[in-house]
Amino acid sequence: MRIFQPPEEKAFRQEVRDWLETNVPRGRRPQEGGEAQRDFDVAWRRRQFDGGWGHIAWPKEYGGRGLPITRQLVWYEECARAGAPEHGHNVFFVALQHAGPTLIARASDEQKAHHLPLILKGEAIWCQGFSEPGAGSDLAAIRTRGEVDGDDIVITGQKIWTSYAVHARYQELLVRTEPGSQRHRGLTFVICDMKAPGIEVRPIRNIAGGNDFCEVFYDGARLPLSTVVGGLGNGWDVAMSLLAFERGAASFPVAIETAARVEELIEYVEETRPGRWRDTEVGARLAEARADAAALKAMVHLLIARGSPAGEGSHVRLFMAELTKRISALAMDLLGPDALDRNALGGWPRRYLEDFKTTIAAGTSQIQRNIIGERVLGLPKEGARAGGKA
Ligand SMILES: Cc1cc2nc3c(=O)[nH]c(=O)nc-3n(C[C@H](O)[C@H](O)[C@H](O)COP(=O)(O)OP(=O)(O)OC[C@H]3O[C@@H](n4cnc5c(N)ncnc54)[C@H](O)[C@@H]3O)c2cc1C
């Protein structure tokens with residue numbers, strides 16, 4: 001993808017390749033959610049940490065290698081090439097892709113020293129407690145309360161669509177701490193211990209058969225004030241840092257892995273319809289998917305080369321989410337009646353069902369378009385256009 005690869009990057013790539021060759025798990029990741037899948041992900045994470053690959057870009061003092069983000073992309077590329085478990089689908093997604101980066105950017109030294117190594121060693125799965133019934137795209141409408149009581153903060157309310165809450169030890173939790181406050185004022189970001197008394201997790205069964213996303217209820221759950229990140233009342237600002245990671249760099253592994261998934265489909269068609277597909281509609285759709293996957297990868301490299309200005313990650317997120325759905329729909333067409341088996345062709349039908357979420361989670365496609373319009377293209381704000389509050 002890049003025209004010039006510095007020699008040290010070439011050496012790094014070889015080192016990664018050598019390690020992956022002997023360490024990528026032989027067995028497939030269990031397809032059904034639940035404990036078997038969680039245990040698989042925990043074991044793989046631990047193996048990476050023990051092998052010295054806990055994280056490429058996180059600081060050395062917390063168990064990372066402290067290397068530039070371009071090396072992180074090399075890691076993703078080599079993992080995809082080696083058929084390693086996908087970074088975009090595992091129980092550490094929240095912890096690695098947005099909780100960790102947000103802590104690095106915004107947390108206290110004590111918070112970082114405690115939480116970051118736990119994540120890298122596979123000892124702490126995280127979930128995100130932002131969305132509520134009535135507050136999804138409109139995050140500033142959240143109502144879950146955090147009342148300061150002495151040295152504690154007491155949480156009461158409800159979150160919904162909380163991915164991995166059944167497995168999580170910690171949660172990125174956004175609550176309203178200033179009574180009577182409106183919108184983005186008076187919010188606080190807390191690291192919530194999911195084992196605290198007063199927290200109840202109720203799994204929701206999704207269309208793909210998994211149950212790792214949940215409702216979470218808080219009934220006077222007491223957390224020490226030392227769990228607040230960025231100070232009381234500054235939660236919106238911390239949440240915006242987090243969403244920049246979630247809507248930006250968190251898409252990178254999926255973007256890189258998409259190209260490998262397209263090649264998987266091309267291989268399948270070569271095997272099942274040798275020589276009979278190239279000049280057909282199937283051939284054209286596969287060629288388009290391959291070109292789009294290459295474009296997506298190029299967008300990631302370009303974004304990094306440009307230093308990722310605020311808001312710009314949303315165009316990668318949007319293109320990635322829509323392309324992912326298009327490619328899994330193509331897989332379903334290729335499978336025909338075999339698609340009735342959710343595990344056919346390495347689980348593509350299950351993936352097709354799971355991929356409905358990609359244009360909803362982390363902000364719907366409409367919200368990403370709004371962000372691109374307002375923050376990248378400099379168009380008037382949505383409320384201003386409608387004549388309402390900006
Ligand atoms: C599989 C999955 C996993 C998730 N995991 C988590 C998680 O771990 N933690 C968490 O906190 N949340 C999670 N979410 C929730 C997700 O962030 C929300 O579903 C999303 O933000 C949309 O909110 P909503 O569902 O309330 O829909 P709404 O906000 O009610 O939106 C409904 C429709 O209106 C459109 N719309 C809303 N506002 C605008 C606007 N201003 N302009 C144009 N169109 C608009 C939306 O695009 C959408 O089509 C998850 C969701 C899914 C599907």
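Computed from heavy atoms alone, side chains included, the values below leave out hydrogens, waters and symmetry copies. Whatever order the structure lists them in is the order used to number ligands and atoms, beginning at 1. Sequence positions, counted from 1, serve as the residue numbers for this chain.
- The aromatic ring centroids of W126 and H115 lie less than 6.0 Å from each other.
- Here the rule is side-chain hydrogen bond (donor to acceptor under 3.5 Å, both in side chains) with D41, and of R29, H167, H89 only R29 fits it.
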Trace of the side-chain contact (heavy atoms from CB on, under 4.5 Å) decision for K159 with S131:
CA-CA 6 Å; K159 298 288 174 177; S131 303; over 6 Å; no
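- Looking at residues two or more places apart in sequence or on another chain, you find a salt bridge (charged side-chain N to carboxylate O under 4.0 Å, His left out) between R65 and E15.
- Applying the side-chain hydrogen bond (donor to acceptor under 3.5 Å, both in side chains) test to pairs two or more places apart or on separate chains, those with a residue in residues 242-257 are H87-E257, Q128-E246.
- A ring pair (Phe, Tyr, Trp, His ring centres under 6.0 Å) check over residues 229-248, counting only residues at least two apart or in different chains, returns the pairs H184-W236.
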Report every pair formed by an N or O atom of ligand 1 and a protein N or O atom separated by less than 3.5 Å, giving atom names and the distance to 0.1 Å.
residue, atom, partner, partner atom, Å
ligand 1, 5 (N), W161, O, 2.8
ligand 1, 5 (N), S163, OG, 2.8
ligand 1, 8 (O), W161, O, 3.3
ligand 1, 8 (O), S163, N, 2.8
ligand 1, 8 (O), S163, OG, 3.3
ligand 1, 9 (N), Q128, O, 2.8
ligand 1, 9 (N), Q128, OE1, 3.2
ligand 1, 9 (N), W161, O, 3.4
ligand 1, 11 (O), Q128, O, 3.4
ligand 1, 11 (O), F130, N, 3.1
ligand 1, 11 (O), S131, N, 2.7
ligand 1, 11 (O), S131, OG, 3.2
ligand 1, 12 (N), S131, OG, 2.8
ligand 1, 17 (O), S131, OG, 3.4
ligand 1, 23 (O), S137, N, 3.2
ligand 1, 29 (O), S137, N, 3.0
ligand 1, 29 (O), S137, OG, 2.6
ligand 1, 41 (N), E382, OE1, 3.1
ligand 1, 41 (N), E382, OE2, 2.9
ligand 1, 42 (N), N370, ND2, 3.2
ligand 1, 42 (N), E382, OE2, 3.2
ligand 1, 47 (O), T364, OG1, 2.6
ligand 1, 47 (O), Q366, OE1, 2.7

